[in-house]
Colleague: 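This is the structure I want to talk about, given as structure tokens.
Values reported hereafter were calculated over all heavy atoms of this structure, with side chains retained and with hydrogens, waters and symmetry mates removed.
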Amino acid sequence: MNHNLNYLFVYCTFISAANSLNAQYVNVSCYFTMTSQELFDKTIDLLRNKRHDFSFSSKLVDNYETNELTFHCFDELSIGTTKSHLLKVYEARTNFENERKDNPHVFGYDTLLPNFRQTHLEYICISTFTTNIGSFIIFSDFDRQDLIGVLFSKTTLSQIRERMNEHKRLVELTGEKVFYDYAENENVFINGQLQSQGNS
């Protein structure tokens, strides 16, 4: 159970007046046209600019140019990216993390949750960086100007790949195909540059 929650962690994610919501739709549509490299660079720039405000930002900023990692972002306006939904999800995950406080695995909830409650944003952009020093979930506005929080998980890229490959092997032993092939959907960056684009 804990292992499943650990690797699923990496993937799990405006003001309500009509005029403000319409403005955010316009803003988001601009970022749908950006390339993965542009989104990656813009998110790294945000982390670099805010590195002194969020302790785990430096851990990624100092290492991304010399490592292989995967990057994904969830830029859609949907129920899954609303502030209200995400606050419930991460409050529940905080409770789970508190139950294993003697051996913590995910860090950063103490900063994330207060910022979640205070932000004026109705929808939140989620970006994930999975590296071999651990995994990072970045919460921001869609314009990557306002950094809400950073979570750091001990789960590494190699661990996720091993688990996904084992899952795929077990499924294929039954004669079936996996619903989601992790390897085919990776956006792989090496030394900060996109090397292969996933299907998703």
Side-chain angles (χ1 to χ4, degrees), residues 2 4-32 34 39-40 42-61 64 69-101 103-131 133-155 160:
N2 285 355
N4 290 337
L5 285 169
N6 288 345
Y7 75 74
L8 286 174
F9 162 82
V10 181
Y11 297 99
C12 334
T13 201
F14 277 27
I15 300 172
S16 58
N19 288 341
S20 296
L21 184 56
N22 288 337
Q24 192 176 10
Y25 270 108
V26 172
N27 206 13
V28 172
S29 67
C30 295
Y31 290 99
F32 284 151
M34 294 181 70
L39 291 169
F40 178 95
K42 198 167 182 65
T43 309
I44 288 291
D45 286 343
L46 172 61
L47 292 172
R48 184 181 289 111
N49 292 336
K50 302 290 185 178
R51 64 186 301 164
H52 298 300
D53 299 326
F54 296 88
S55 58
F56 298 109
S57 298
S58 294
K59 198 175 183 73
L60 177 58
V61 169
Y64 81 94
L69 59 84
T70 62
F71 170 75
H72 294 86
C73 58
F74 302 88
D75 268 334
E76 291 187 32
L77 295 181
S78 67
I79 292 176
T81 57
T82 59
K83 169 186 172 179
S84 58
H85 171 78
L86 290 172
L87 182 57
K88 290 178 182 177
V89 168
Y90 286 97
E91 283 177 336
R93 292 185 180 183
T94 300
N95 293 334
F96 172 76
E97 197 63 34
N98 287 338
E99 291 177 0
R100 57 176 181 184
K101 57 186 177 182
N103 185 28
H105 191 84
V106 182
F107 306 85
Y109 289 113
D110 56 333
T111 302
L112 176 67
L113 291 181
N115 289 349
F116 247 125
R117 296 183 183 109
Q118 294 172 14
T119 182
H120 68 280
L121 298 173
E122 287 285 339
Y123 293 88
I124 293 171
C125 174
I126 306 171
S127 305
T128 65
F129 295 83
T130 309
T131 81
I133 61 172
S135 302
F136 302 81
I137 284 191
I138 316 302
F139 302 85
S140 71
D141 65 326
F142 292 103
D143 196 33
R144 272 78 170 185
Q145 299 296 317
D146 183 9
L147 183 57
I148 299 167
V150 179
L151 293 181
F152 172 73
S153 166
K154 292 179 181 177
T155 303
I160 289 178

Colleague: Out of curiosity, Leu46 CG to Ser140 OG, how far, rounded to the nearest 0.5 Å?
Modeller: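 Between atom CG of Leu46 and atom OG of Ser140 there are 6.0 Å.
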Colleague: Can you measure from CG (Asp143) to NZ (Lys42) and round to the nearest 0.5 angstrom?
Modeller: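 Nearest 0.5 Å value for the CG-NZ distance: 5.0 Å.
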Colleague: Check step by step if side-chain contact (heavy atoms from CB on, under 4.5 Å) holds for Ser135 and Thr130.
Modeller: CA-CA 4 Å; Ser135 302; Thr130 309; 3.5 Å; yes
Colleague: Please report the C-alpha distance between Leu147 and Asp53 in whole Å, then the side-chain angles of each, then the deciding distance to 0.1 Å, and finally whether the side-chain contact (heavy atoms from CB on, under 4.5 Å) criterion is met.
Modeller: CA-CA 9 Å; Leu147 183 57; Asp53 299 326; over 6 Å; no
Colleague: Check this for me, if you would: do Arg48 and Asp45 make a salt bridge, where the nitrogen-to-carboxylate-oxygen distance has to be below 4.0 angstrom?
Modeller: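 Here Arg48 pairs with Asp45 in a salt bridge, since their nearest N and O are under 4.0 Å apart.
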Colleague: Determine whether Ile44 and Phe129 satisfy the following criterion, side-chain contact (heavy atoms from CB on, under 4.5 Å), listing intermediate values before the conclusion.
Modeller: CA-CA 10 Å; Ile44 288 291; Phe129 295 83; 3.8 Å; yes
Colleague: Which heavy atom of Asp141 sits nearest to which heavy atom of Gln145, and what is that distance?
Modeller: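 Smallest heavy-atom distance, with atoms named: OD1-N, 2.8 Å.
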Colleague: Any side-chain heavy atom of Phe71 sitting closer than 4.5 Å to one from Thr128?
Modeller: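 They are not in side-chain contact.
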Colleague: Tell me, do Phe142 and Leu121 make a side-chain contact under 4.5 Å, heavy atoms counted?
Modeller: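 Heavy-atom side-chain distance check fails, nothing below 4.5 Å.
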Colleague: How far apart are the closest heavy atoms of Ile79 and His85, and which atoms are they?
Modeller: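 Distance-wise, the nearest heavy atoms are O-CB, 3.2 Å.
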Colleague: Given side chains that start at C-beta, do those of Val150 and Leu60 come closer than 4.5 Å, heavy atoms only?
Modeller: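 Val150 vs Leu60: side chains apart.
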Colleague: Taking Ser57 for its side chain and Phe54 for its backbone only, find out whether a donor-acceptor pair lies under 3.5 Å.
Modeller: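 Judged by distance alone, yes, a pair lies under 3.5 Å.
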Colleague: Report yes or no: does Thr81 contribute a side-chain atom to a donor-acceptor pair with the main-chain N or O of Ser78 at less than 3.5 Å?
Modeller: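 Yes, because the side chain of Thr81 sits within donor-acceptor range (under 3.5 Å) of the backbone of Ser78.
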Colleague: Could you check if a side-chain atom of Lys154 sits within less than 4.5 angstrom of a side-chain atom of Phe107, using non-hydrogen atoms only?
Modeller: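 Yes, close enough: below the 4.5 Å cut-off.
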Colleague: Do Lys83 and Thr119 pass the side-chain contact (heavy atoms from CB on, under 4.5 Å) test, and can you show the C-alpha distance, the side-chain angles, and the key distance before you say yes or no?
Modeller: CA-CA 9 Å; Lys83 169 186 172 179; Thr119 182; 3.9 Å; yes
Colleague: Nearest heavy-atom pair of Gly80 and Leu86: which atoms, and what distance?
Modeller: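 Minimum heavy-atom contact is O-CD2, 3.3 Å.
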Colleague: Tell me, which pairs form a salt bridge (Lys or Arg N to Asp or Glu O under 4.0 Å) where one or both residues lie in residues 103-120, sequence neighbours left out?
Modeller: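 Listed by first then second residue: Glu91-Arg117.
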Colleague: Are Tyr64 and Thr131 packed together at the side-chain level, in the sense that at least one heavy-atom pair is separated by less than 4.5 angstrom?
Modeller: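 A side-chain contact under 4.5 Å is absent here.
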Colleague: With sequence neighbours left out, write down each residue that passes ring pair (Phe, Tyr, Trp, His ring centres under 6.0 Å) with Phe116, or none if nothing qualifies.
Modeller: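 Checked Phe116 against ring pair (Phe, Tyr, Trp, His ring centres under 6.0 Å); matches are Phe139.
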Colleague: Is there side-chain contact between Ile137 and Phe152, with heavy atoms separated by less than 4.5 Å?
Modeller: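 No, side chains not in contact.
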Colleague: Evaluate side-chain hydrogen bond (donor to acceptor under 3.5 Å, both in side chains) for Thr155 paired with His105, printing each intermediate quantity in order.
Modeller: CA-CA 8 Å; Thr155 303; His105 191 84; 2.7 Å; yes
Colleague: Quick check: do Phe136 and Lys59 have side-chain heavy atoms less than 4.5 Å from each other?
Modeller: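 They are in side-chain contact.
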Colleague: Going by side-chain hydrogen bond (donor to acceptor under 3.5 Å, both in side chains), name the residues that satisfy it together with Thr43, two or more places apart in sequence or in a different chain.
Modeller: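 By the side-chain hydrogen bond (donor to acceptor under 3.5 Å, both in side chains) rule, Thr43 matches Arg144.
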Colleague: Kindly give the heavy-atom pair with the smallest separation between Leu112 and Gly149, and that separation in Å.
Modeller: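 Here Leu112 and Gly149 meet closest at CD1-CA, 3.8 Å.
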Colleague: Could you check whether any side-chain heavy atom of Leu77 comes within less than 4.5 Å of a side-chain heavy atom of Glu122, counting everything from C-beta outward?
Modeller: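 Result no, sub-4.5 Å side-chain heavy-atom pair not found.
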Colleague: So, is the end of the Arg93 side chain (NZ or CZ) under 6.0 Å from the ring centre of Tyr90 and within 45° of the ring's axis?
Modeller: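 Judged by the rule, Arg93 and Tyr90 form a cation-pi pair.
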Colleague: Write down the atom of Leu39, the atom of Cys73, and the distance for their closest heavy-atom approach.
Modeller: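 So the minimum-distance heavy-atom pair works out to CD1-SG, 3.6 Å.
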Colleague: At what distance, to the nearest 0.5 angstrom, does CG of Asp146 lie from SG of Cys125?
Modeller: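 Answer for the CG-SG pair, Asp146 versus Cys125, is 11.5 Å.
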Colleague: Please report the interatomic distance CD(Glu97) to OG(Ser153), rounded to the nearest 0.5 Å.
Modeller: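 Those atoms lie 8.0 Å apart.
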